[in-house]
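What follows is a single structure, written as structure tokens, with notes after it.
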Amino acid sequence: MSDSRIDGYARGLFEIARAEGTIDEVEDELFRFARSYEASDALRNALTDEMIPAGKRQAIVEDLLGGKATSTTTQLVSMVVGSGRGRDLPAIIDKLVERASNSKNLELAEVRSAVALTSDQQDRLKAALANATGVEVNLKVVIDPSILGGIVATVGDVVIDGSVRTRVDQLKSRL
Amino acid sequence: MSLLTNIILVMAEEGPHRDDNGQIVTHHWLWPERSELIYGTVSSILIFALLYKFAGPAIVKGFTARTERIRVELDASATAQAEANAEAASIRTAKGDIDAERQRLFAEADAQAEALLVEGRAQLEIDVADLEQRADNELVAAGSRVGDELRAEIARIASEATDNVVAVGLDSATQQALIESFISTVGAS
């Protein structure tokens with residue numbers, strides 16, 4: 001899909017969520033859904049398979065998100081998948097999150113952690129990243145067991161890697 | 001001339017002979033009438049004379065031409081026979097040449113076959129030596145490759161084992177400690 005079309009979808013979803021007054025929850029849920037979508041081949045295949053009718057793909061989305069996310073999030077994802085744009089879902093969502101961050105004058109900070117962070121940890125991490133980068137951040141936490149332990153934070157072009165995975169890789173490389 | 005006159009006179013003297021019924025018949029059952037005999041004789045002499053005078057040269061010429069044609073044909077036959085004899089001699093010679101050529105070709109083929117055999121044996125020996133050399137090289141390479149693969153496999157297993165050991169060692173407290181350490185480090189930078 002072209003960038004302008006992705007941008008158009010992101011803008012549309014953003015406006016709907018903002019009109020519903022649930023932009024913070026929706027962008028957070030959508031961000032986590034996008035990461036799950038990227039990590040799961042089965043989910044990606046199911047939502048992008050043109051042989052599966054659109055209604056069936058939308059039913060899969062509703063089964064996955066129903067009760068676990070707000071109805072706005074579910075309906076937005078369902079709409080994108082139903083329109084045959086499932087392949088571009090992560091790009092659309094990333095644009096939406098970026099737009100939401102910009103609307104609040106925040107820089108998107110993607111944080112990968114092997115285990116879930118408490119809200120206290122997220123607040124302190126947000127403050128620490130703001131201190132380190134000099135900008136207020138919109139923190140998005142992704143649970144990623146592949147990093148084994150620690151945290152990898154990406155703010156714009158800056159990557160702060162404190163993961164065990166990287167240390168182990170460096171150790172292997174040295175060995 | 002007097003003979004002709006006498007004959008005419010004799011003819012004039014003889015009258016027609018009649019049988020008992022008054023029918024005119026010949027005087028003799030075999031001989032024609034004298035006058036007919038005279039006319040026939042004179043006519044025959046005349047015809048033969050004319051033939052001799054006018055047709056004789058043509059007949060002589062025809063016979064001469066026929067004789068000449070037969071002579072030419074005999075000459076042609078003699079020539080053809082001579083040519084046939086020459087051709088037969090040539091064929092006999094050629095046959096002799098073919099036999100000689102055949103012998104020569106057989107000899108040449110035998111020589112070539114022998115040369116090929118010798119060359120083939122030499123090439124075979126070279127090929128066998130080359131194959132043996134290549135087999136030796138491949139054995140060495142395979143040994144090296146197996147060694148490399150073994151080392152890579154050991155490295156992969158060691159890597160997985162390291163991950164597993166690290167993952168097992170990363171209990172909840174350690175995970176939290178790592179997170180707190182990251183927050184502190186980033187916050188202090």
Side-chain angles (χ1 to χ4, degrees), chain A residues 106-175, chain B residues 120-189:
Chain A
L106 299 175
E107 185 78 25
L108 178 63
E110 183 181 306
V111 170
R112 292 185 175 273
S113 169
V115 295
L117 301 182
T118 64
S119 66
D120 175 56
Q121 285 173 328
Q122 288 189 32
D123 289 342
R124 284 189 288 118
L125 182 56
K126 193 187 289 186
L129 288 172
N131 185 50
T133 59
V135 291
E136 292 299 315
V137 296
N138 181 11
L139 196 71
K140 298 295 175 195
V141 178
V142 179
I143 306 301
D144 184 359
S146 73
I147 68 169
L148 297 176
I151 286 173
V152 179
T154 306
V155 182
D157 296 332
V158 179
V159 179
I160 306 168
D161 193 342
S163 69
V164 174
R165 159 62 57 204
T166 302
R167 291 180 198 172
V168 169
D169 286 346
Q170 286 170 347
L171 181 65
K172 284 180 192 171
S173 164
R174 252 184 265 143
L175 287 172
Chain B
R121 278 182 189 143
Q123 186 61 44
L124 198 62
E125 284 173 6
I126 292 168
D127 288 348
V128 167
D130 186 44
L131 282 173
E132 284 176 352
Q133 183 62 44
R134 263 195 280 172
D136 289 345
N137 292 342
E138 281 178 13
L139 275 173
V140 172
S144 174
R145 195 164 56 243
V146 167
D148 290 346
E149 285 173 0
L150 192 60
R151 277 191 288 278
E153 186 64 14
I154 289 169
R156 191 186 63 76
I157 292 169
S159 174
E160 282 180 7
T162 305
D163 288 354
N164 290 336
V165 168
V166 170
V168 168
L170 287 172
D171 57 9
S172 179
T174 311
Q175 291 282 10
Q176 293 304 317
L178 286 167
I179 290 167
E180 292 300 332
S181 168
F182 181 83
I183 294 170
S184 301
T185 307
V186 172
S189 61

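All heavy atoms count here, side chains included; hydrogens, waters and symmetry mates do not. Chain naming here is simple, since letters A, B, ... match the order of the sequence lines and numbering starts at 1 in each.
- The two atoms that bring B/F182 and A/D161 nearest to each other are CE1-C, 4.5 Å, heavy atoms only.
- In this structure, no portion of A/A130 lies under 4.5 Å from any heavy atom of chain B.
- With A/V115 as the fixed residue, the side-chain contact (heavy atoms from CB on, under 4.5 Å) test singles out one of B/L178, B/L170, B/I179: B/I179.
- In this structure, CD1 on A/I160 lies 10.0 Å from OG1 on B/T185, to the nearest 0.5 angstrom.
- Counting heavy-atom neighbours within 6.0 Å of A/E107 CD, excluding the residue itself, gives a total above 12.
- Contacts from residues 143-150 of chain A to chain B, taken as heavy-atom pairs separated by less than 4.5 Å, involve A/L148, A/G149, A/G150 in sequence order.
- Of the two parts of A/L171, neither the backbone nor the side chain holds a non-hydrogen atom closer than 4.5 Å to a non-hydrogen atom of chain B.
- Here the CG-CD1 distance, from A/N131 to B/I183, works out to 13.0 Å after rounding to the nearest 0.5 Å.
- The contact list for residues 119-128 of chain A toward chain B, using heavy atoms and a distance under 4.5 Å, reads A/Q121, A/R124, A/L125, A/A128 by residue number.
- Interface residue B/V186: backbone and side-chain heavy atoms are both found under 4.5 Å from chain A.
- Within the 4.5 angstrom heavy-atom criterion, atoms from both the backbone and the side chain of B/S159 approach chain A.
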